Amino acid sequence: MSVEIEKANPSRPAPTRNMEEIVSLCKRRGFMFQNSEIYGGLNGFWDYGPLGVELKNNIKQAWWQDMVTSHNDMDVLPGAPGVYSMTGLDCTIIMHPQVWKCSGHYDLFHDYMVDCRESKKRYRHDQLVGRWVTVREQRIFATAQSGEEELQHIERQAMKFFKLRNKHKDQLQWDGDVIGVTDLDESAAASILAPDAKTLDTLTDPREFNLMFKTTIGALGGADDTAFLRPETAQGIFVNFKNVIDSTRFRLPLGIAQMGKSFRNEITPRNFTFRSREFEQMEIEFFCHPDSSADWYGYWRDRRMQWYQDLGLSSDRLILREHGAEEMAHYSIGTADIEYAFPFLPEGQYGELEGVAHRGDFDLRSHMEGKLTGDLELELGEDGKPKWKGSGKDLSYRDDLTNEKYVPHVIEPSAGADRATLAFLCEAYCEDEAPDEKGKMQTRTVMRLHPRLAPIKAAVFPLVKKDGMPEIAKQAYLELKKHFNVFYDDKGAVGRRYRRQDEAGTPYCITIDGQTLEDRTVTIRDRDSLKQWRVGLDDCVAAIGEGLNQK
RNA sequence: GCGGGUGUAGCUCAGUGGCUAGAGCGUCACGUUGCCAACGUGAAUGUCGAGGGUUCGAAUCCCUUCACCCGCUCCA
């Protein structure tokens with residue numbers, strides 16, 4: 001059966017740049033709420049309302065379906081180096097504490113910070129460097145944040161402190177090389193000139209900032225029972241890699257996907273849900289032979305970029321940013337961020353939606369041998385023994401066709417479900433003009449969500465509440481509900497009902513009118529073009545289904 | 001964590017020491033209405049972010065605190 005369906009209006013207006021309007025609509029229509037709002041809210045936590053949960057579920061389902069369940073593992077996909085398999089996994093949020101020690105998160109997420117009492121600035125303790133310098137018998141330790149210009153900064157600070165002019169630069173008597181503040185002993189504190197201070201001794205003692213949420217296992221747990229809420233879902237896949245290989249007949253290359261909550265105790269949650277302390281990830285760990293990992297990296301980077309575009313993110317606002325060598329771990333061949341121009345960012349700036357990283361064999365080897373350094377060396381503690389011991393289990397893979405045994409390389413496309421949801425919401429929010437009853441143009445707010453993502457697929461209206469129209473509408477509604485999330489509305493004028501659905505992003509509205517009573521046809525109204533056409537009452541399910549597939 | 005701003009109805013906001021805290025939009029009901037925010041009538045809705053203080057009297061002044069926005073800082 002063929003049913004005429006209107007295509008989306010190609011010349012859609014640009015989405016708004018005003019974040020407050022989007023936040024307001026999210027609250028008003030039930031996409032997102034502040035967590036524990038009646039108690040004043042909780043910084044870094046957000047809830048999804050009735051429309052939001054549908055939207056986010058649709059995004060997660062689209063990802064799972066496109067990446068895992070409907071993946072074609074028989075043919076070589078366009079751009080792919082070969083055929084590959086995909087499967088899924090669901091791991092717990094709390095894992096063995098050693099997982100995080102070997103993965104590096106335990107050390108990395110225990111940053112020590114110092115604050116400057118004078119400048120009110122905060123620095124990572126291990127990033128402060130400086131150099132001893134003496135002028136007129138006063139010896140100070142001038143500092144800077146480590147980086148390319150640290151030497152110039154240290155010199156500038158010293159000159160300012162001793163009130164020297166450029167021509168008297170030679171009065172600075174340097175003593176030794178640039179060293180880290182962490183290398184100084186406590187007695188030096190009184191001589192430290194902080195990077196942005198004018199006086200000495202303004203830094204606080206180093207204070208621990210723990211970015212992993214701690215919890216305790218067992219009701220009587222002591223220090224030994226400390227566990228962590230996972231800061232990423234990825235490790236659950238690495239530690240289960242052997243289980244998946246042993247319990248299935250999958251061959252490499254194989255991708256294992258997982259969706260789930262992760263937790264990071266962000267110092268400054270900000271920008272609506274963009275940086276939340278509890279968030280949901282959609283991660284794939286793709287295991288392949290080291291010789292082909294570079295090609296697979298390129299494939300996944302482009303494949304993931306295309307996914308966002310296929311679901312409606314405009315290429316104007318979406319960029320693929322390849323990291324430079326200095327941003328990447330040494331073992332990595334490439335890392336790219338897929339970034340979106342969120343309205344809360346300054347013009348020309350982008351925020352990360354997904355990172356696609358070539359991780360070599362770093363993760364599997366870390367869980368075999370122990371925590372590795374960026375050079376893939378085993379990191380040693382002060383006693384010369386491994387700092388954090390690995391599992392000792394062999395996580396290598398034996399190819400039973402070639403008999404080759406190797407530790408697979410990993411490509412990691414790691415996406416944020418909440419960030420994707422926010423990006424799709426921002427992209428969808430538009431204001432355009434539609435005529436009112438008198439033909440006068442009025443501003444219309446419309447969420448131009450991709451039909452696959454739209455929380456409500458269709459709304460059913462009786463044109464008026466009489467002549468049996470509500471009865472027919474109710475039947476059509478119940479029939480459609482077997483297939484799609486649909487919404488019934490008979491309140492107020494039909495124009496108002498259309499506009500309500502526009503704000504919810506509902507792609508189609510079905511109206512039962514006087515003509516339905518005569519010939520059993522109904523009108524379908526398209527959200528974007530406002531066009532209407534008639535289909536048979538009994539063809540509604542097919543028509544909506546086709547519309548959802550076409551866009 | 002620092003600095004600045006904001007916080008009053010579901011949303012946007014008015015109200016700067018004095019009567020029972022208001023408007024627009026939205027929501028609900030009834031009537032009318034036959035395809036794009038209609039009209040009429042009526043109705044509901046407020047810990048004035050929270051706690052404390054000053055005062056005869058506080059949404060309003062003071063202190064503390066929480067949340068959001070902007071700028072620093074941080075961002076695995």
Side-chain angles (χ1 to χ4, degrees), chain A residues 18-21 23-30 33-46 49 100 103-111 113-124 127 145 195-196 204 207 209-212 231-232 234 262 264-272 274-275 277 329 344-346 351-352 355 357 414 433-446 461-467 469 491-503 509-517 522-527 529-534:
Chain A
N18 186 344
M19 198 60 205
E20 285 172 25
E21 286 175 7
V23 174
S24 162
L25 179 132
C26 284
K27 171 92 195 286
R28 190 170 72 239
R29 289 295 175 195
F33 308 125
Q34 198 177 2
N35 174 266
S36 309
E37 196 193 48
I38 61 169
Y39 288 105
L42 190 60
N43 196 352
F45 297 89
W46 297 88
W100 309 113
S103 72
H105 289 90
Y106 182 82
D107 293 336
L108 203 59
F109 279 22
H110 283 67
D111 286 338
M113 310 291 290
V114 291
D115 291 309
C116 175
R117 295 186 198 95
E118 184 192 309
S119 67
K120 305 296 183 195
K121 296 208 176 208
R122 170 173 294 168
Y123 312 94
R124 254 174 69 177
Q127 280 187 353
Q145 287 196 77
D196 300 283
T204 61
R207 286 181 290 189
F209 274 70
N210 192 342
L211 264 52
M212 280 200 290
E232 62 170 39
S262 291
R264 292 178 195 181
N265 222 339
E266 299 288 353
I267 295 171
T268 314
R270 195 155 299 184
N271 287 331
F272 204 22
F274 183 76
R275 177 168 291 136
R277 288 180 163 141
F344 50 76
L345 297 172
E352 184 185 343
S414 168
E433 301 227 306
D436 66 12
E437 182 205 27
K438 300 179 187 90
K440 197 179 144 202
M441 297 309 272
Q442 301 282 352
T443 301
R444 175 181 78 132
T445 301
V446 53
F461 308 147
L463 186 58
V464 286
K465 264 197 281 186
K466 61 181 186 187
D467 298 341
M469 291 182 203
K491 295 190 177 68
V494 73
R496 179 180 300 276
R497 287 178 255 162
Y498 286 143
R499 297 299 169 89
R500 273 199 281 250
Q501 293 306 314
D502 290 340
E503 285 205 344
C509 293
I510 295 170
T511 303
I512 280 71
D513 57 15
Q515 199 179 325
T516 310
L517 307 171
V522 299
T523 67
I524 297 186
R525 175 258 199 191
D526 179 84
R527 176 193 69 200
S529 66
L530 301 178
K531 286 186 182 153
Q532 284 179 290
W533 62 98
R534 299 197 77 88

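Per chain, numbering begins at 1; letters A, B, ... match sequence-line order. All values derive from a computational prediction rather than experimental measurement. Values reported hereafter were calculated over all heavy atoms of this structure, with side chains retained and with hydrogens, waters and symmetry mates removed.
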Distance between the [atom1] atoms of [N] and [M], in whole angstroms?
N: B:rG18; M: B:rC74; atom1: P; value: 47 Å
N: B:rU64; M: B:rU47; atom1: P; value: 26 Å
N: B:rG7; M: B:rA50; atom1: C1'; value: 11 Å
N: B:rG24; M: B:rU8; atom1: C1'; value: 15 Å
N: B:rC62; M: B:rA23; atom1: C1'; value: 31 Å
N: B:rU60; M: B:rA43; atom1: P; value: 31 Å
N: B:rU41; M: B:rC36; atom1: C1'; value: 25 Å
N: B:rC30; M: B:rG71; atom1: P; value: 49 Å

Counting any heavy atom closer than 4.0 Å, what does [X] reach on the DNA or RNA strands: base, sugar-phosphate only, or nothing?
X: A:N35; value: nothing
X: A:T445; value: base
X: A:I38; value: base

Sequence neighbours left out, what passes side-chain hydrogen bond (donor to acceptor under 3.5 Å, both in side chains) with [X]? Give chain and number order.
X: A:R496; result: none
X: A:N35; result: A:D47
X: A:S36; result: none

Quiz item: Under 6.0 Å between ring centres, would you say that holds for A:F274 and A:F344?
Solution: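 So the answer is yes for these two rings.
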
Among [options], which is the nearest nucleotide to the side chain of [X]?
X: A:Q532; options: B:rA37, B:rA29, B:rC36; result: B:rC36
X: A:D513; options: B:rC36, B:rU27, B:rC35; result: B:rC35
X: A:R499; options: B:rC35, B:rU33, B:rC36; result: B:rC36

Self-check item: Per-nucleotide protein contact string for nucleotides 63-69 of chain B, where B marks a base within reach and S marks sugar-phosphate only (heavy atoms under 4.0 Å, - for neither)
Solution: ---SSSS

Searching all strands shown, indicate the nucleotide that pairs with [N] (Watson-Crick or G-U wobble; both distances under 3.5 Å).
N: B:rA43; answer: B:rU27
N: B:rA37; answer: none
N: B:rG17; answer: none
N: B:rG3; answer: B:rC70
N: B:rU65; answer: B:rG49
N: B:rU54; answer: none

Length of the [atom1]-[atom2] vector between [X] and [N], whole Å:
X: A:K465; N: B:rA29; atom1: NZ; atom2: P; value: 6 Å
X: A:R444; N: B:rC36; atom1: CZ; atom2: C1'; value: 9 Å
X: A:I510; N: B:rC36; atom1: CD1; atom2: P; value: 19 Å
X: A:L517; N: B:rC35; atom1: CG; atom2: C1'; value: 15 Å
X: A:L530; N: B:rA37; atom1: CG; atom2: P; value: 10 Å
X: A:M469; N: B:rU33; atom1: CE; atom2: P; value: 12 Å
X: A:D467; N: B:rU32; atom1: CG; atom2: P; value: 12 Å
X: A:Q145; N: B:rU73; atom1: CD; atom2: C1'; value: 9 Å

Listed pairs, N/O of protein and of nucleotides 9-11 of chain B, under 3.5 Å:
residue	atom	partner	partner atom	Å
B:rG10	O3'	A:K27	NZ	3.4
B:rC11	OP1	A:K27	NZ	2.4
B:rC11	O3'	A:S24	OG	3.3
B:rC11	O2'	A:S24	OG	3.3

Tell me, do [X] and [Y] make a side-chain contact under 4.5 Å, heavy atoms counted?
X: A:R525; Y: A:Q501; answer: no
X: A:R277; Y: A:N43; answer: yes
X: A:K27; Y: A:Q34; answer: no
X: A:D513; Y: A:R534; answer: yes

Exercise. For A:E20, check side-chain contact (heavy atoms from CB on, under 4.5 Å) against everything at least two apart and list the hits.
Key: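 Applying side-chain contact (heavy atoms from CB on, under 4.5 Å) to A:E20 gives A:N18.
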
Exercise. Go through the steps to decide whether A:E503 and A:L25 satisfy the test side-chain contact (heavy atoms from CB on, under 4.5 Å), and finish with yes or no.
Key: CA-CA 8 Å; A:E503 285 205 344; A:L25 179 132; 3.9 Å; yes

Practice problem: Please check the phosphate of B:rC35 (OP1 and OP2 only) for any side-chain N or O of A:Q501 closer than 4.0 Å. | Solution: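 For B:rC35, OP1/OP2 do not have a side-chain N/O of A:Q501 under 4.0 Å.
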
Quiz item: Is any side-chain nitrogen or oxygen of A:R500 closer than 4.0 Å to OP1 or OP2 of B:rC36?
Solution: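 Checking A:R500 against B:rC36: no side-chain N or O falls below 4.0 Å of OP1 or OP2.
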
Exercise. May I ask you to decide if A:R444's main-chain N or O and A:R499's side chain share a donor-acceptor pair within less than 3.5 Å?
Key: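 Between the backbone of A:R444 and the side chain of A:R499 there is no qualifying donor-acceptor contact (under 3.5 Å).
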
Exercise. Kindly say whether, by distance alone, the side chain of A:R496 makes a donor-acceptor pair under 3.5 Å with the base of B:rC36?
Key: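 It does not, because no donor-acceptor pair links the side chain of A:R496 to the base of B:rC36 below 3.5 Å.
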
Quiz item: Which heavy atom of A:M469 sits nearest a heavy atom of A:I512, and at what distance?
Solution: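 Distance-wise, the nearest heavy atoms are SD-O, 3.6 Å.
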
Quiz prompt | Residue closer to the 5' end of RNA chain B, A:T523 versus A:K491 (nearest nucleotide) | solution =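 Nearest nucleotide further toward 5': that of A:K491.
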
Quiz prompt | Residue whose closest nucleotide on RNA chain B lies nearer the 5' end, A:G514 versus A:P231 | solution =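 Residue closer to the 5' terminus by nearest nucleotide: A:G514.
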
